[in-house]
Amino acid sequence: MDPVPDRLAYVDLSESEFFLSAPIPILIEDWSRVYEAVKQLQAAGITDIDRYFDEHPEAVEALRSLHAFVAANDAVLSLFEAQSREQFLAHAKDLLPANRTSNSAVLRAIFENKPACQGERTLRTFTGKTVPIVWRCSLPKSEEGYRRLHFYAFDVTQQKESNDRLQALRAEMARASRVSLFGEVSASILHEISQPLSAARASADASLRWLGRDRPEIEEAMSAIRDAARWARDATEICRKIRSFVGKTPVQSIRFPAIESVNSALFLISPEANAKEIRVESLVDPTIDVLADPVQIQQVLANLLLNGIQAIDSGPARERRLTVTVRRDGAEAVFEVRDTGPGIEADEIELLFQPFYTSKADGMGMGLPVARSIVEAHHGRIWAQSEPGAGTCFGFTLPVGAESLPA
Ligand SMILES: Nc1ncnc2c1ncn2[C@@H]1O[C@H](COP(=O)(O)OP(=O)(O)OP(=O)(O)O)[C@@H](O)[C@H]1O
Ligand SMILES: [Mg+2]
C-alpha cells in the first residue's frame with residue numbers, strides 16, 4: 001500500500017465525525033519520540049534491529065513507554081467494551097501492554113523506512129474477554145507525521161474460530177482416512193475369506209458325516225478333508241494378498257527429504273497434540289533423503305504420533321512430550337517416535353502389531369499393523385521399545401535415497 005501522504009497525517013481527525021463513527025476501530029497514537037529513538041539507534045550504528053532486541057529484550061518496553069495514546073473512536077470503545085473514551089484512554093497502556101511481536105513490527109518498519117506495517121495480537125477487554133485482532137498502520141515519511149499514527153484494528157475472532165474448526169476438521173479427516181482405509185481392508189478381508197472359510201467348514205462337516213456312519217466312508221471323508229484343507233489354504237493366500245496389497249499398493253517410491261514427511265505428519269496431528277497440551281519436538285537431519293512413498297510414510301508417522309498422544313493422555317505423565325527423530329545409519333534412515341506415556345509391558349509388545357489388538361475403547365487395533373505392512377513393503381523394519389513408566393519408543397527404518405549416502 002502507498003504511504004499516507006504526510007499532509008493527511010497531520011490533519012487532526014480525532015474530533016471528526018468521520019473518525020469517531022467509523023465502523024472500523026481506529027486508534028491514534030503518538031510515536032514521534034519512538035521514531036526519534038529508533039533513528040538514534042540507527043545513527044549509533046545498529047543495523048539489525050531484531051538482533052538488537054534479542055540482545056536487549058528490555059528495549060521494546062523502553063521504546064514503547066515513549067509512545068502515547070491520543071484518541072480512540074467509538075468502534076475501539078466497543079471492541080474493548082469500555083464505558084467511555086476517558087475510561088479507555090486511562091487504561092489503554094494496561095490493555096495494550098508492550099508486546100515484542102506486535103510492537104517490533106512497527107519499530108522494524110520505522111527502522112527500514114517502510115510505508116506501512118501490520119501485525120496480530122490478542123487484546124483483553126474491560127470485561128476480561130480476549131479478542132484476537134489484526135492491525136494495520138500506514139507510516140508517514142517525516143517525524144511530524146509520527147505524532148498522529150492511525151492504527152486500524154480488525155477483530156478476527158470469527159476467522160480464528162473457523163481456522164480452529166478447520167484444524168479440528170483436518171485432524172478428523174486424517175483419522176477418517178485411516179478409519180476408511182481400515183474399514184475397507186476389514187470389509188475386503190471379510191468378503192474375500194468368508195467364502196473359502198464357509199466352504200472349508202462345509203467340507204469338514206461333510207467329512208465328519210462320512211466318518212460318523214455305521215460303516216465309515218474313509219475315501220469320501222478323506223476327499224472332503226482334502227477339500228477343507230484346500231479352502232483353508234485359499235483363505236490364507238487371500239489374507240497374504242490383502243496384506244501385501246495394504247502395504248504395497250500404490251507404492252510409488254520417490255526420493256524425498258525425510259523431514260518433509262515428518263513435517264506433514266506433524267501438521268496432521270498438531271491440532272490433536274495442542275488440544276491435549278502435548279509438546280512436540282522434531283530433531284530431523286534435514287540432509288537425509290529417503291526412497292519411499294511420501295504419503296504412506298506420512299501415514300506411518302501419523303499413526304505412531306497419534307498413538308503417542310493417546311498414550312500420554314491416558315495417564316498422569318510427568319512430562320507431556322512427543323519427540324520425532326530421524327538419523328542416518330549406513331544405508332538406512334532410522335525414524336523414531338518417542339513418548340512420555342505409561343509405556344508397554346514386555347509381553348504386550350509382542351501383540352501390538354497384530355491386527356485388531358487394541359486397549360482403547362474406540363480403537364480399531366489397525367494403526368500398527370498397517371504401519372508394519374507399509375514399512376515392510378518398503379524393505380524396512382519396525383519395532384517398539386519400552387520401559388514401563390518411562391514411555392515408549394517406536395522405530396522404523398527406510399532405505400535412504402542414494403545421494404544421501406555418505407561418500
Ligand atoms: N505409544 C504407545 N504407548 C503405549 N501403548 C501403545 C502405544 N502405541 C500403541 N500402543 C498399544 O498398542 C495398541 C495397538 O495400537 P494400534 O495403533 O495398532 O491400534 P489403536 O491405537 O488401539 O487403534 P487405531 O486402529 O485407531 O490406531 C494400542 O491400543 C495400545 O494398547
Ligand atoms: Mg493407533
Side-chain angles (χ1 to χ4, degrees), residues 168 170-190 239 242-243 245-247 261-262 265-266 268-273 275-283 295-326 334-377 380-396:
R170 210 178 274 140
E172 191 44 45
M173 271 167 55
R175 194 182 147 72
S177 67
R178 294 182 322 128
V179 167
S180 73
L181 171 65
F182 304 157
E184 272 169 35
V185 172
S186 0
S188 63
I189 293 173
L190 288 178
C239 288
I242 290 173
R243 196 171 129 87
F245 164 79
V246 174
S261 50
V262 171
L266 290 179
L268 284 175
I269 61 94
S270 66
E272 193 82 7
K276 304 276 162 61
E277 294 179 348
I278 292 167
R279 196 150 59 87
V280 185
E281 283 177 356
S282 86
L283 303 164
V295 176
Q296 295 200 346
I297 302 314
Q298 169 200 308
Q299 197 188 345
V300 172
L301 284 164
N303 275 328
L304 300 182
L305 288 161
L306 275 180
N307 279 349
I309 292 173
Q310 289 159 349
I312 296 171
D313 201 49
S314 70
R318 319 141 264 127
E319 226 193 325
R320 301 171 75 80
R321 187 159 42 91
L322 202 54
T323 315
V324 194
T325 53
V326 184
V334 183
F335 290 69
E336 281 176 337
V337 175
R338 202 176 290 273
D339 66 63
T340 53
I344 306 169
E345 297 293 338
D347 50 356
E348 202 194 342
I349 288 198
E350 306 286 304
L351 308 170
L352 299 181
F353 294 94
Q354 289 183 9
F356 309 114
Y357 174 78
T358 181
S359 58
K360 300 167 195 169
D362 60 349
M364 235 188 229
M366 283 301 280
L368 291 175
V370 166
R372 185 177 65 179
S373 316
I374 292 175
V375 170
E376 289 179 353
R381 290 165 289 119
I382 186 165
W383 63 90
Q385 273 173 331
S386 178
E387 210 181 298
T392 306
C393 176
F394 278 88
F396 65 93

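Counting begins at 1 with the first residue of the sequence. Read the numbers this way: they start at 1 and go in the same order the structure lists the ligands and their atoms.
- Taking backbone and side chain together, Asn307 holds an N, O or S atom under 2.8 Å from the Mg ion (ligand 2).
- In the candidate list Phe353, Tyr357, Phe394, Tyr357 is nearest to atom 14 (C) of ligand 1, counting heavy atoms.
- In summary, Arg320 and Asp313 engage in a salt bridge, as defined by a charged side-chain N under 4.0 Å from a carboxylate O.
- Contact between Pro369 and ligand 1 is present, with at least one heavy atom of the residue lying under 4.0 Å from the ligand.
- Checked by atom type and distance alone, the side chain of Thr392 never pairs as donor or acceptor with a backbone atom of Ser386 at under 3.5 Å.
- Residue contact check: Ser359 has heavy atoms under 4.0 Å from atoms 28 (C), 29 (O), 30 (C), 31 (O) of ligand 1.
- Close approach of ligand 1 to Ala311 (heavy-atom distance below 4.0 Å) involves ligand atoms 1 (N), 2 (C), 3 (N), 4 (C).
- Counting heavy-atom neighbours within 6.0 Å of Glu387 CD, excluding the residue itself, gives a total of 12 or less.
- For atom 15 (O) of ligand 1, the nearest non-hydrogen atom from the set Leu351, Leu368, Thr340, Thr392 belongs to Leu368.
- Closest non-hydrogen pair, Lys360 versus Asn307, comes out as NZ-OD1, 3.1 Å.
- With a 4.5 Å cut-off on side-chain heavy atoms, Val326 and Val334 do not count as touching.
- For ligand 1, the atoms sitting less than 4.0 Å from at least one non-hydrogen atom of Glu348 are 31 (O), numbered in the order shown with element in parentheses.
- Distances below 4.0 Å separate heavy atoms of Leu352 from the following atoms of ligand 1: 11 (C), 12 (O).
- In plain terms, the two heavy atoms of Leu352 and Pro369 that are nearest each other are O-CD, 4.3 Å.
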> For Ser261 and Leu301, what are the C-alpha separation, side-chain angles and deciding distance, and is it a side-chain contact (heavy atoms from CB on, under 4.5 Å)?
Replying inline: CA-CA 8 Å; Ser261 50; Leu301 284 164; 4.1 Å; yes
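- The option with the heavy atom closest to atom 17 (O) of ligand 1, from among Asn307, Asn303, Leu306, is Asn307.
- At under 3.5 Å, a nitrogen or oxygen of Thr358, whether backbone or side chain, sits near a nitrogen or oxygen of ligand 1.
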